[in-house]
Amino acid sequence: MDCGQIFRWKKDEGFWKGWLNGSRVEMRIEGDILQYRAKPPITEDMVVNFLTLDLDYMKIYDGLPRDETTSTLIQRYRGLRILRQNPWECSVSYIISASMSIRSINAILNRICWAAYPKQEPSPFPTPQDFLKISPPRANYLGKKWFYLARLANILSSNPSFFKEFENLSYLDAWNKLVKGNEHIMGVGPKVADCVLLFSLNKFDAFPIDRWVLRGLKKFYPRILEKFGKGGIHESKTLTVHTYASISESARMYFGRYCGILQESIFLASRINDTSFLQCGL
DNA sequence: GCCCAGGTGCGGC
DNA sequence: GCCGCACATGGG
């Protein structure tokens with residue numbers, strides 16, 4: 001809930017509190033029991049869907065490779081799940097996320113929500129229509145990103161089912177459409193596209209590669225990267241679309257159909273040495 | 001002040 | 001196609 005997959009959830013009095021389909025939800029785990037508190041528009045099916053309780057993670061783990069590193073990661077992060085987010089909110093979050101710290105992303109998203117609905121506290125995430133009504137908190141706030149968010153909001157208000165078109169596509173078709181096709185969204189590059197596909201469009205074979213995952217692959221799975229040559233991939237330089245797609249494909253070949261689920265473990269394991277991350281308490 | 005954060009679009013070769 | 005750069009924000 002607070003490691004950067006989804007944003008704006010807070011732990012308070014033992015409950016994780018956040019938003020689901022525009023309504024307030026609180027949840028916690030007591031022993032083996034998952035409890036949630038929510039009002040009528042929220043159904044149990046929604047909670048089940050949000051937490052991907054329909055997925056059999058034990059079966060998914062069984063399908064992952066048997067090497068020692070993978071086994072260790074599975075053990076260490078057992079219980080870590082992919083959350084099914086709203087595609088619009090997810091896209092906004094990750095368009096903003098580019099080259100930002102997770103803390104900043106949270107702060108910015110909270111600010112946008114408050115700007116849209118200042119009377120509600122805490123504020124839900126704005127609909128595309130309501131996003132278009134707000135003006136940036138100050139001049140040039142977020143720079144070009146603000147413009148990208150407005151473009152996306154415009155697309156969605158004229159075509160609310162924009163993201164539905166991606167549901168029946170294979171991962172690769174969806175990714176190509178988002179990154180290169182006519183459906184390209186400004187601000188959505190190779191990595192953000194993977195996050196949107198994995199976290200909101202059911203593409204569990206998406207494998208987002210950010211600086212942490214790249215470091216993690218280098219450290220934990222050097223063989224996956226070896227075909228790119230020694231020192232062929234420099235951390236400080238951004239990957240070209242071609243190289244990105246190639247590494248992503250290698251990961252998919254090695255980890256299989258649910259590589260996206262293991263990706264989250266690699267992300268966390270890679271970040272665990274980072275001091276700013278230690279404050280998260282994971 | 002300087003470096004680093006869940007990268008991307010753009011212009012110059 | 002690849003490379004280098006600007007780009008906002010906020011914490012260490």
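In what follows, every chain begins at residue 1, and chains take the letters A, B, ... in the order their sequences are listed.
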Q.
With the six-membered base ring of B/dG6 as reference, does the ring of A/Phe267 sit under 5.5 Å away with planes under 30° apart?
A. yes
Q: Measure the distance from CG on A/Asn110 to C1' on C/dG10 and round it to the nearest whole Å.
A: 14 Å
Q | Side-chain hydrophobic cluster, 4.5 Å single linkage: members besides A/Leu83 | A | A/Met1, A/Ile6, A/Trp9, A/Trp16, A/Leu20, A/Val25, A/Met27, A/Ile29, A/Leu34, A/Tyr36, A/Ile42, A/Met46, A/Val47, A/Val48, A/Phe50, A/Leu51, A/Leu53
Q: Take nucleotides 7-13 of chain B nucleotide by nucleotide from the 5' end and write B, S or -, depending on whether a protein heavy atom sits under 4.0 Å from the base, only from the sugar-phosphate, or from neither.
A: BBSS---
Q. Rounded to the Å, how far apart are A/Arg103 CZ and C/dG10 C1'?
A. 9 Å
Q) Between A/Phe255 and A/Phe207, how do the two ring planes meet: parallel, tilted or perpendicular, split at 30° and 60°? A) parallel
Q: Compare all side-chain heavy atoms of A/Val188 with those of A/Tyr148 and state whether any distance is below 4.5 angstrom.
A: no
Q: Please tell me which of the listed nucleotides, C/dT9, C/dC3, B/dG6, lies nearest to the side chain of A/Val213?
A: B/dG6
Q) Separation of A/Phe199 atom CZ from B/dG6 atom C1', in whole Å? A) 8 Å
Q: Starting from P on B/dG6, measure out to CG on A/Leu217 and report it in whole angstrom.
A: 16 Å
Q.
Rounding to an integer number of angstrom, what distance separates C/dC2 and B/dG6 when you compare their P atoms?
A. 26 Å
Q: Describe the nucleic acid contact of A/Glu235 in one word from base, sugar-phosphate, nothing, applying a heavy-atom distance below 4.0 Å.
A: nothing
Q: Would you kindly give the OH-to-P distance between A/Tyr141 and C/dC7, to the nearest whole Å?
A: 18 Å
Q: Starting from C1' on C/dA8, measure out to CD1 on A/Ile95 and report it in whole angstrom.
A: 15 Å
Q) Distance between the C1' atoms of B/dA5 and C/dC3, in whole angstroms? A) 22 Å
Q) Taking only side-chain nitrogens and oxygens of A/Arg138, does any of them come within less than 4.0 Å of OP1 or OP2 of C/dT9? A) yes
Q. Would you say A/Asn86 and A/Phe125 make side-chain contact, with heavy atoms under 4.5 Å?
A. no
Q: With rounding to the nearest 0.5 Å, note down the distance linking CD in A/Gln263 to CG in A/Asp194.
A: 8.5 Å
Q. What's the CZ-C1' distance between A/Phe207 and B/dG6, to the nearest Å?
A. 13 Å
(Q) Please check: side-chain N/O of A/Ser123 versus main-chain N/O of A/Lys119, any donor-acceptor pairing under 3.5 Å? (A) no
Q: Measure up the A/Phe166 and A/Phe163 rings against each other and bin them: parallel (under 30°), tilted (30 to 60°), perpendicular (over 60°).
A: tilted
Q) Within this structure, what is the CD1-to-P distance between A/Ile233 and C/dC2, rounded to whole angstrom? A) 13 Å
**Q.** Stacked cation flag A/Arg215 on A/Trp212, 6.0 angstrom / 45 deg
**A.** yes
Q.
For A/Asn168, is the CG atom crowded, meaning more than 12 foreign heavy atoms sit under 6.0 Å from it?
A. no
Q. Can you tell me if the side-chain N/O atoms of A/Arg271 get under 4.0 Å from OP1 or OP2 in B/dG6?
A. yes
Q. Could you state the interatomic distance from NZ (A/Lys227) to CD1 (A/Ile247), rounded to the nearest 0.5 Å?
A. 9.5 Å
Q: Considering only atom P, compute the distance from B/dT8 to C/dG11 and round it to an integer number of Å.
A: 24 Å
**Q.** Atom P, compared across B/dG9 and C/dG10: separation rounded to whole Å
**A.** 23 Å
Return the polar atom pairs (N/O with N/O) between nucleotides 1-3 of chain B and the protein under 3.5 Å, or none.
none

